[in-house]
Each structure stands twice: as structure tokens, then as C-alpha cells.
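Since the structure comes first, as C-alpha cells, the remarks are kept for the end.
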Amino acid sequence: GGGGGGFFFFKQKTAYEMLRSLVGSEMCIRDRSDPWLAASPYDGSVYLTWVASEPTADDHSAASGSTPVAGSHGSEATGINRVYLAQSTDGGVTFGEPVLVSGEDGDATIGSTAPVSGFGPDGAVYVAYLSAPPSEISEYGREIVMVARSADGRSFEAPIELPHDDGITNSGGYHDLAVDPDGRVYVAWLDFRDIFNGLAVDYSTASLRVTWSDDGARTFAPSREVSKPACPCCAPNLQIGGDGRVYLAWRDQWKQEDGTDPVRDPVVAWSDDRGETWSAAELVHRDGWHMPQCPHSGPGFGLDSGGRLHTAWFTGAEGRNGVYYAVAEAAGEAFSDPIALLEDEWVPVTPVRLALDAQGNACVAFVDAREEAPRLRLRQIAPVEVVALCDVDRNMVAEAAQMVAARQVSKKTPRTYGDYRQMLKNEELDIVHVATPDHWHALAMIAAVQAGADVYVEKPVSYTHLR
């Protein structure tokens, strides 16, 4: 979760639950939003960031019902929106006093992108958040990314504006931040400069750009374009590999020559020279989701210690509607066939977050809003390899082996047997799944336990259907 990877969950507590416990009552929660959780990879501290809507000294809008502030994206927020951070050193059980990140005069947006945090090897804490000064060109304001630095998480220096390329009017949002082991701070965002420099009239020409700082986020290099166009409000995901390679995952956007809605599918690219140049975008899966407007749902993305690329995403494509997960063994290798984490004829769009544990197991969080009361769901994906299958019907076991080979990540075909005793003798198995007909399961289960395997056995719950 460090270095820019956000959590929806930490030790079975949601970010909103942590925020509620930190600020107290449910009434307080109404004026606080966009929580983000991250853990420092250096000392394990947990950091919670959020945006708080507060009336200014000369603003009585809370009582008078004045119009929302610029950049609130349609929220009922009034006054000024400030970004705060709190630190926990006991795994999220308790938090210290909130620290102001955005400064007394800093105004953040609400409801677009949460303020994300990253951590340097020297103990520095970085927070990137979105602001939107009023603009005549866009009803959303001129969105800009702000980056603030703290040497220790107790107080923050004045934030600086990104992007900051010379000679143009800059604008960008939907961002992510990561810090490499050498302390270089990377920030990626969706860039809207075309609109504010008279080159476009809408957000369809948005690009994905990245910049970096080698002096603790006090100055940044001129930005580099990674992809254009990109889906204009699906936030990218920025990660640093163990070998120093920089990765970006985002939802791309392909204009269709036949005039139909653009296709918006997830892709991944990487840089081997610390952000200077980038590979071509690697398609995670060709969903073919035709979508007229941005769904506000970027992909979840993570890297394990073995260099595998894990990603999870939402799609509303015809015949493939829901949340899916796939993994690639290394950069440049094809992603596995998607695993459905939530699939139905109708699934509302949801944000998707992904985090990895120390063993490389992926946890994916998303909102299931198919019912009146939405549910926040957490799914864990563990790496499992099916190495052997057994059935007395040779045709059936051969067909099952091909089916398993197509579905598992390695694409390896399991070895097949007609006698479970021979399979248990030849194979070293961690788990055995016994799915024989009624009253044939006992001997296979006992033999598997004696062979040292954990066993999942499907057994009848009674002697007769009547019982």
C-alpha cells in the first residue's frame, strides 16, 4: 500500500470507518469525504487523508445555503475544502491529531479524486490532491494537481501546482503519486491543456502525462506524455517495480471510425529510464466497452515481489458486465483470461481498488450497487495451480483438463489419472478437492489426508433426500 497504492480496506476496516472514528459523530462525516489509506513501506505507519469542507471566517454559507464552491463537482460543499492527514502507528487502531496538508488558503475539490499519499526513504510524506480555481472555460474550473511535502508527517510545506510546463495554461486532474527507493517523487495525471489553450472544446483529447522531482517535491521536471487520448476522468494507477521500472495503468480511449461510442478498456505501460520514455500501451483485455461518457473508474493495479502485474477493473461491455481480475507474469507478457469477481446482466459502475499482501495475493475492493443498499465488497485472489485431475471417464477428464488449462494463469494442462490412488502416489499435492458421487467420497478423502494434503470434500448432508 505504500508508494501511491491506495487501500479501501486495512485490517478489515474501511477508510470511511477510520475517518468516522477519527472525527467522531456521523454528523461530522457529512462534511468530510474522499478518504484514502496508505501504509509506509519503511516503518509500517498507516496514513489516512481526506477532504474537509469548512466555512471560512467571513462565510456563513452553512446557515444561509449559498452556492457550492468551485471544483466541488456538484457537491453541496460550501466555504473552503481543506486536505488533512492523520497517522497511525498501531495498524489503524488509533490515529494522531489531524495535520493540515493544503494550507490555510488551499482549496481542494470534492468527489473527483481522493488526496493520495506516498512515502520517501528519508521519512518524508507526500500528498497529491486536486484543486480547481474558477474558470470561464470549464464549469468544473481549471483543474490542477497540488503536491505538498512533509519531512515527518507532522507539518507540511506550502503545496506547489502541477503540471507546470512553461508557455501554456496548464490543467490536469485524476492523479496518482509514487516514490521510488531513491526518493524520486513521480506524479501522473490526466491532462486537459488542450481545452485551456484553445485546441479542443471538450475533454475527448485528454492525455496521460507524468513528471518527477529529485529534490523532495520542491521542483518538478517538464512533463512527459505517456498516451493520448486517454479516458478523461478514470484515474491512472502509478507503481514502482522492485527493479526500478515505473508502471502506469489506466483506461484508454479509442475513437471509432464508424461513429459509434469510443471504446474504453484498461491498459498498462512502463518506463525503463525513470519516466523519460514509455512503452506502447499493453492491453489488459479487449472488452470492447463502448461508452459515450467517462465512467469514473480507473483500474486497480499492483506489482508483487516476483514482478507479476496484477490488475482489476470494471467493464460494462455487452456480455461482460462487472468487475474482473487478470495477471501477467512479467511486463510485455500477455495477461491471463479475466476472472469474474462480480458479474451480472446489470452491474452499476464502481471504483475498483487492488492491494497485494506479502505473499503476492491480490485483494480487490469495489462497490456492489445492484440493490438499493450498496455493499462494499472485498475479494481475495490467491495463486493456485491445478496440477492433476482424476476421473474414471477418460473423455470427461480430458475435457476438464483443457478447460482448466484455458482458465489458469500458467496455461499448463494438468496431468490426468483414472485412479486417485495413483495420482496421490505420483503427485505432491497441497489441496485435494473430492467431488465424487454420493457415498464414494470417504475413501478418496481418507487417502488424500493420509498423503498429507488439505481436503475439501463435497459430501451429502443426510442419508436420504427426505432427511
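Everything quoted here is computed from the prediction, not taken from an experiment.
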As a quick check of understanding, evaluate side-chain contact (heavy atoms from CB on, under 4.5 Å) for Tyr129 and Val116, giving each step before the final call. CA-CA 7 Å; Tyr129 64 93; Val116 300; over 6 Å; no
Output, in order, the C-alpha distance, side-chain angles, deciding distance and verdict of ring pair (Phe, Tyr, Trp, His ring centres under 6.0 Å) for Tyr42 and Phe119. CA-CA 8 Å; Tyr42 301 104; Phe119 313 98; 8.2 Å; no
Can you list the steps and then say if Arg320 with Glu343 is a salt bridge (Lys or Arg N to Asp or Glu O under 4.0 Å)? CA-CA 7 Å; Arg320 182 182 292 277; Glu343 191 173 47; 5.1 Å; no
Give the C-alpha distance, both sets of side-chain angles, the deciding distance and a yes or no for side chain to side chain donor-acceptor pair (under 3.5 Å) between His310 and Asp304. CA-CA 8 Å; His310 303 255; Asp304 64 29; 2.8 Å; yes
Begin from the C-alpha positions of Asp202 and Ile195 and carry the test side-chain contact (heavy atoms from CB on, under 4.5 Å) through to its verdict. CA-CA 6 Å; Asp202 58 32; Ile195 294 176; 5.6 Å; no
Can you check salt bridge (Lys or Arg N to Asp or Glu O under 4.0 Å) on Arg142 and Glu136, steps first, answer last? CA-CA 9 Å; Arg142 183 176 68 87; Glu136 297 179 355; over 6 Å; no
Would Lys412 and Glu385 count as a salt bridge (Lys or Arg N to Asp or Glu O under 4.0 Å) here? Give the steps. CA-CA 9 Å; Lys412 293 180 180 178; Glu385 180 83 9; 5.1 Å; no
Please step through salt bridge (Lys or Arg N to Asp or Glu O under 4.0 Å) for the pair Arg370 and Asp344, ending with a clear verdict. CA-CA 9 Å; Arg370 291 174 296 171; Asp344 206 338; 2.9 Å; yes
Audit row: Val127, Leu85, side-chain contact (heavy atoms from CB on, under 4.5 Å) steps and yes/no: CA-CA 9 Å; Val127 176; Leu85 172 143; 3.9 Å; yes
Before you tell me yes or no, could you show the steps for Phe156 and Leu100 under side-chain contact (heavy atoms from CB on, under 4.5 Å), namely the whole-Å CA-CA distance, both residues' side-chain angles and the distance that decides it to 0.1 Å? CA-CA 7 Å; Phe156 280 81; Leu100 181 62; over 6 Å; no
Any chance you could lay out the side chain to side chain donor-acceptor pair (under 3.5 Å) test for Asp214 and Trp212, step after step, and finish with the verdict? CA-CA 7 Å; Asp214 290 319; Trp212 56 86; 4.5 Å; no
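Contact record, Asp122 with Arg149: OD2-NH2, 4.0 Å, taken as the closest heavy-atom pair. Nearest approach of Val147 to Ala217, heavy atoms of both residues: CG1-CB, 4.0 Å. Contact detail for Pro295 and Trp289: the closest heavy-atom pair is CB-CH2, 3.5 Å. Here the closest heavy-atom approach between residue Ser138 and residue Phe196 is recorded as CB-CZ, 3.9 Å. In terms of heavy-atom proximity, Leu208 sits nearest to Leu190 at CD1-CD2, 4.1 Å. Closest heavy-atom contact between Pro229 and Ser204: CB-O, 3.5 Å.
Looking only at atom types and distance, the side chain of Ser131 has no donor-acceptor partner in the side chain of Asp107 under 3.5 Å away. For the 3.5 Å distance criterion, the side chains of Tyr174 and Glu143 fail to qualify, holding no donor opposite an acceptor. Looking at Trp36 and Asp34, their side chains never bring a donor and an acceptor atom within 3.5 Å of each other. Using modelled atom types and a 3.5 Å distance limit, the side chains of Asn170 and His164 yield no donor-acceptor pair. Looking at Ser271 and Tyr247, their side chains never bring a donor and an acceptor atom within 3.5 Å of each other. Side-chain contact of Ser223 with Arg209: a donor-acceptor pair under 3.5 Å is present, judged by distance alone. A side-chain donor from one of Asp287 and Trp313 sits under 3.5 Å from a side-chain acceptor of the other.
Checked by atom type and distance alone, the side chain of Ser171 never pairs as donor or acceptor with a backbone atom of Phe192 at under 3.5 Å. With Ser88 contributing its side chain and Val46 its backbone, the two residues share no donor-acceptor pair below 3.5 Å. In this structure a side-chain-to-backbone donor-acceptor pair under 3.5 Å is missing from Thr350 to Phe366. Judged by distance alone, the side chain of Asp265 and the main-chain N or O of Arg286 form no donor-acceptor pair under 3.5 Å. Ser279 contributes a side-chain N or O that, together with a main-chain N or O of Trp270, makes up a donor-acceptor pair within less than 3.5 Å. Here the side chain of Ser102 pairs a donor or acceptor atom with the backbone of Val83 at under 3.5 angstrom. In this structure, the side chain of Asp261 does not engage the main chain of Met291 through any donor-acceptor pair within 3.5 Å. In this structure a side-chain-to-backbone donor-acceptor pair under 3.5 Å is missing from Thr169 to Asn197. Side-chain N or O atoms of Thr49 include one that pairs as donor or acceptor with a backbone N or O of Pro115 at under 3.5 Å. Ser135 places no side-chain N or O within 3.5 Å of a backbone atom of Gly141 that could act as its donor or acceptor partner.
No salt bridge links Arg224 with Asp273; every basic N to acidic carboxylate O contact stays at or beyond 4.0 Å. Electrostatic pairing of Arg184 and Asp182 does not count as a salt bridge here, judged by no charged N lying under 4.0 Å from a carboxylate O.
Gln87 is listed as a side-chain neighbour of Ser45, based on a closest heavy-atom distance under 4.5 Å. No side-chain heavy atom of Val284 sits under 4.5 Å from any side-chain heavy atom of Val267. With contacts defined as side-chain heavy-atom distances shorter than 4.5 Å, the pair Val364/Val352 qualifies. Trp50 places a side-chain heavy atom less than 4.5 Å from the side chain of Pro98. At least one side-chain heavy atom of Ile144 sits less than 4.5 Å from a side-chain heavy atom of Pro133. Side-chain atoms of Val246 and Trp278, non-hydrogen and from C-beta on, do get closer than 4.5 Å to each other. Counting heavy atoms from C-beta on, the side chains of His175 and Leu238 never come closer than 4.5 Å. Counting only heavy atoms from C-beta outward, the side chains of Leu248 and Val268 never approach each other to under 4.5 Å.
The one candidate from Arg377, Arg375, Arg379 that meets the salt bridge (charged side-chain N to carboxylate O under 4.0 Å, His left out) condition with Asp368 is Arg377. Remark: of the listed residues Cys231, Ser227, Cys234, Ser227 is the sole one forming a side chain to side chain contact (heavy atoms under 4.5 Å, CB included) with Trp250.
In this structure, Phe314 has its ring center at least 6.0 angstrom away from the ring center of Tyr324.
Few gaps surround CD on Gln256; more than 12 heavy atoms of other groups in view lie less than 6.0 Å from it. Other residues, nucleotides and ligands contribute more than 12 heavy atoms inside 6.0 Å of the CD atom of Gln380.
One distance of note links OH of Tyr203 with CG of Asp191; it measures 11.0 Å at 0.5 Å rounding.
Within the structure, salt bridge (Lys or Arg N to Asp or Glu O under 4.0 Å) pairs that include any residue of residues 228-255 comprise Asp194-Lys228, Arg245-Asp272 (at least two apart or interchain).
In this structure, Arg82 is not positioned above the aromatic face of Tyr84 in the sense of NZ or CZ being under 6.0 Å from the six-membered ring centre and within 45° of the axis.
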